[in-house]
Amino acid sequence: MSSTIGLSSYAFFWQLSDAVSAPLSIHNALACTADLGVELFQICDYAPVEHMSDDELAAVRSTADSLGITLELGTKGIRPEHLRKFLHIARILGSELLRTMFNVPGHAPDADEATAIFTEVLPAFEAAGVRIAVETYEQVPTARILDVIRRVDSPYLGICSDPANTVAALEMPREVIDAVAPYVLNMHIKDFAFSRKEGWVGFTYSGAPLGEGLLDYDYMAGKIQPSQRNINQIVEHWLPWQDSEAETIRLENQWTQQSLEFLRSK
């Protein structure tokens with residue numbers, strides 16, 4: 001068994017956005033991914049995918065197939081109709097994993113509601129061979145997510161580990177890693193750091209190049225054991241916009257290259 005290193009659409013966050021003068025298409029991003037020698041791409045929180053026709057989705061799958069890239073899918077929210085829609089999208093894309101998060105505007109389910117929803121929808125996911133990975137993040141206590149996962153008790157429901165997110169809720173990364181490790185199905189890999197704001201009035205919590213921030217990758221990998229458990233590691237960035245479009249794009253690409261080199265060295 002092994003862990004596949006992949007790129008997220010978050011690794012192309014600015015280049016896929018309207019903030020740049022010539023945004024990449026998802027097909028462009030897949031081509032860039034292939035050029036980097038990467039064979040896994042997670043389309044995560046990429047708004048256009050929800051509005052693509054089946055033919056447009058099939059075209060994305062065709063591009064990925066032609067480049068030798070496997071696709072994964074990510075969204076936010078767990079309303080049953082939303083999860084069923086993304087199961088449909090996942091099947092067209094050939095994704096065997098759907099990453100999601102509990103809360104969206106207008107819907108913040110408690111543990112009982114979340115348990116009922118997953119119990120209702122998981123048979124269809126299991127029949128399709130698609131697992132759901134709920135991401136750790138600051139809006140929902142990690143203990144609540146784990147409570148739901150334990151209550152549902154299905155190999156098709158687990159954790160997308162991202163300890164960077166939980167710091168904003170004062171959940172320390174090592175404690176989160178320790179708690180979620182047995183349930184992890186997918187890993188988001190991004191580094192993070194605090195920096196003093198101008199005038200020393202507070203801090204900014206933001207991204208850092210992988211290996212240069214506060215993420216204790218070796219501890220995390222030792223606990224979760226992605227290679228032994230065949231858990232994919234998906235590269236993301238929290239890169240602030242720089243002084244210019246050109247510098248932002250250059251740094252985004254540099255961070256991606258550095259992340260891949262870091263992970264491949266492990």
Side-chain angles (χ1 to χ4, degrees), residues 4-53 56-77 82 85-101 104 130 132-137 160-162 164-165 185-192 206-207 209-210 232-241 245 248-260 263:
T4 300
I5 297 167
L7 294 181
S8 168
S9 45
Y10 274 103
F12 299 90
F13 179 81
W14 292 115
Q15 294 173 77
L16 284 167
S17 78
D18 291 336
V20 299
S21 54
L24 294 180
S25 71
I26 203 71
H27 298 272
N28 300 144
L30 287 167
C32 293
T33 298
D35 288 343
L36 290 166
V38 175
E39 299 177 350
L40 175 65
F41 188 84
Q42 187 175 97
I43 304 172
C44 193
D45 303 340
Y46 177 68
V49 77
E50 189 170 353
H51 307 289
M52 288 181 180
S53 67
E56 289 170 326
L57 292 167
V60 173
R61 169 74 180 275
S62 179
T63 295
D65 286 347
S66 71
L67 295 168
I69 292 174
T70 299
L71 294 173
E72 291 183 347
L73 186 61
T75 188
K76 293 178 181 175
H82 184 76
K85 178 174 185 174
F86 269 81
L87 175 59
H88 175 77
I89 294 171
R91 294 179 74 167
I92 296 174
L93 295 178
S95 172
E96 295 181 356
L97 182 130
L98 176 66
R99 164 278 203 186
T100 197
M101 303 168 113
V104 288
V130 178
I132 298 176
V134 180
E135 184 159 348
T136 55
Y137 75 126
C160 174
S161 170
D162 192 337
N165 294 335
L185 301 178
N186 196 247
M187 296 170 70
H188 281 178
I189 309 295
K190 63 172 175 275
D191 214 335
F192 51 93
S206 188
L210 186 57
N232 293 337
Q233 302 183 75
I234 308 298
V235 170
E236 296 188 328
H237 307 313
W238 270 348
L239 173 68
W241 181 263
E245 174 181 324
T248 302
I249 292 172
R250 185 196 68 78
L251 206 55
E252 193 164 64
N253 290 331
Q254 180 181 309
W255 281 26
T256 297
Q257 186 66 53
Q258 181 168 331
S259 296
L260 292 173
L263 292 172

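FYI, the numbering just counts along the sequence from 1. Being a predicted model, the structure only gives us computed values, none of them experimental.
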Supply the atom-to-atom distance I43 CD1 to T75 OG1, rounded to the nearest 0.5 angstrom.
12.0 Å

T4 OG1 to I234 CD1 distance, which is reported to the nearest 0.5 Å
8.5 Å

Can you list the residues that meet the side chain to side chain donor-acceptor pair (under 3.5 Å) rule with T70, with sequence neighbours excluded?
none

Which atoms form the tightest heavy-atom contact between W14 and E252, and what is the distance?
N-OE2, 2.9 Å

Once side-chain contact (heavy atoms from CB on, under 4.5 Å) is applied, do any residues pair with S66, and if so which ones, sequence neighbours excluded?
none

Residues in salt bridge (Lys or Arg N to Asp or Glu O under 4.0 Å) contact with E50, at least two apart in sequence or another chain
K85

Contacts of S25 that satisfy side chain to side chain donor-acceptor pair (under 3.5 Å) - sequence neighbours left out:
N28

Are H188 and C44 close enough that some pair of their side-chain heavy atoms sits under 4.5 Å apart?
yes

Gap between atom NE2 of H27 and atom CD of E56 - 0.5 Å precision
8.0 Å

Looking at NZ of K76 and CE of M101, how far apart are the two atoms once the value is rounded to the nearest 0.5 Å?
6.0 Å

Side chain to side chain, Q42 and N232, heavy atoms closer than 4.5 Å
no

Just verifying a value: how many Å separate I189 CD1 and S8 OG, rounded to the nearest 0.5 Å?
11.5 Å

Worked check of side chain to side chain contact (heavy atoms under 4.5 Å, CB included) between L87 and L98
CA-CA 8 Å; L87 175 59; L98 176 66; 6.0 Å; no

Can you name the side-chain contact (heavy atoms from CB on, under 4.5 Å) partners of E96, sequence neighbours left out?
none

Suppose we screen for ring pair (Phe, Tyr, Trp, His ring centres under 6.0 Å). Which residues come up paired with F192, at least two apart in sequence or across chains?
Y205

Grab the two heavy atoms, one from W241 and one from A19, that are nearest each other, plus how far apart they are.
CH2-O, 3.7 Å

Side chain to side chain donor-acceptor pair (under 3.5 Å) partners of Y10, counting only residues at least two apart:
D45

So, using salt bridge (Lys or Arg N to Asp or Glu O under 4.0 Å) as the criterion, who are the partners of E72 when residues are at least two apart?
none

Counterpart residues, salt bridge (Lys or Arg N to Asp or Glu O under 4.0 Å), relative to E135 (two or more places apart)
R99

Quick check: do F13 and L239 have side-chain heavy atoms less than 4.5 Å from each other?
no

Identify the heavy atoms of D191 and P209 that sit nearest to each other, and give their distance.
OD2-O, 3.5 Å

With under 30° as parallel and over 60° as perpendicular, where do the rings of F12 and F41 fit, or are they tilted in between?
tilted

I'd like a table of donor-acceptor pairs (distance under 3.5 Å, sequence neighbours excluded) in which one partner is a side-chain atom from residues 29-40, with atom names and distances.
from, atom 1, to, atom 2, distance (Å)
T33, OG1, A29, O, 2.8

Heavy-atom pair with the smallest gap, counting every atom of H82 and G77:
CD2-O, 3.8 Å

Those residues that, when tested against R250, pass side chain to side chain donor-acceptor pair (under 3.5 Å) (two or more places apart)
E247, Q254

Do N165 and K190 touch side chain to side chain, with heavy atoms closer than 4.5 Å?
yes

With heavy-atom distances below 4.5 Å as the criterion, would you say the side chains of V60 and L93 are in contact?
yes

Approximate separation, where rounding is to 0.5 Å, of I249 CD1 and L251 CG
11.5 Å

Return the set of residues passing ring pair (Phe, Tyr, Trp, His ring centres under 6.0 Å) with H237 (not counting sequence neighbours), or none when no residue passes.
W255

Would you say the side chain of I89 lies within less than 4.5 Å of the side chain of M52, judging by non-hydrogen atoms?
no

Can you name the closest pair of heavy atoms from S259 and V235 and give their distance?
CB-CG1, 3.7 Å

Search all heavy atoms of T256 against all heavy atoms of A11 and return the closest pair with its distance.
OG1-O, 3.6 Å

Is I26 close to V49 at the side-chain level, that is, under 4.5 Å between some pair of heavy atoms?
no

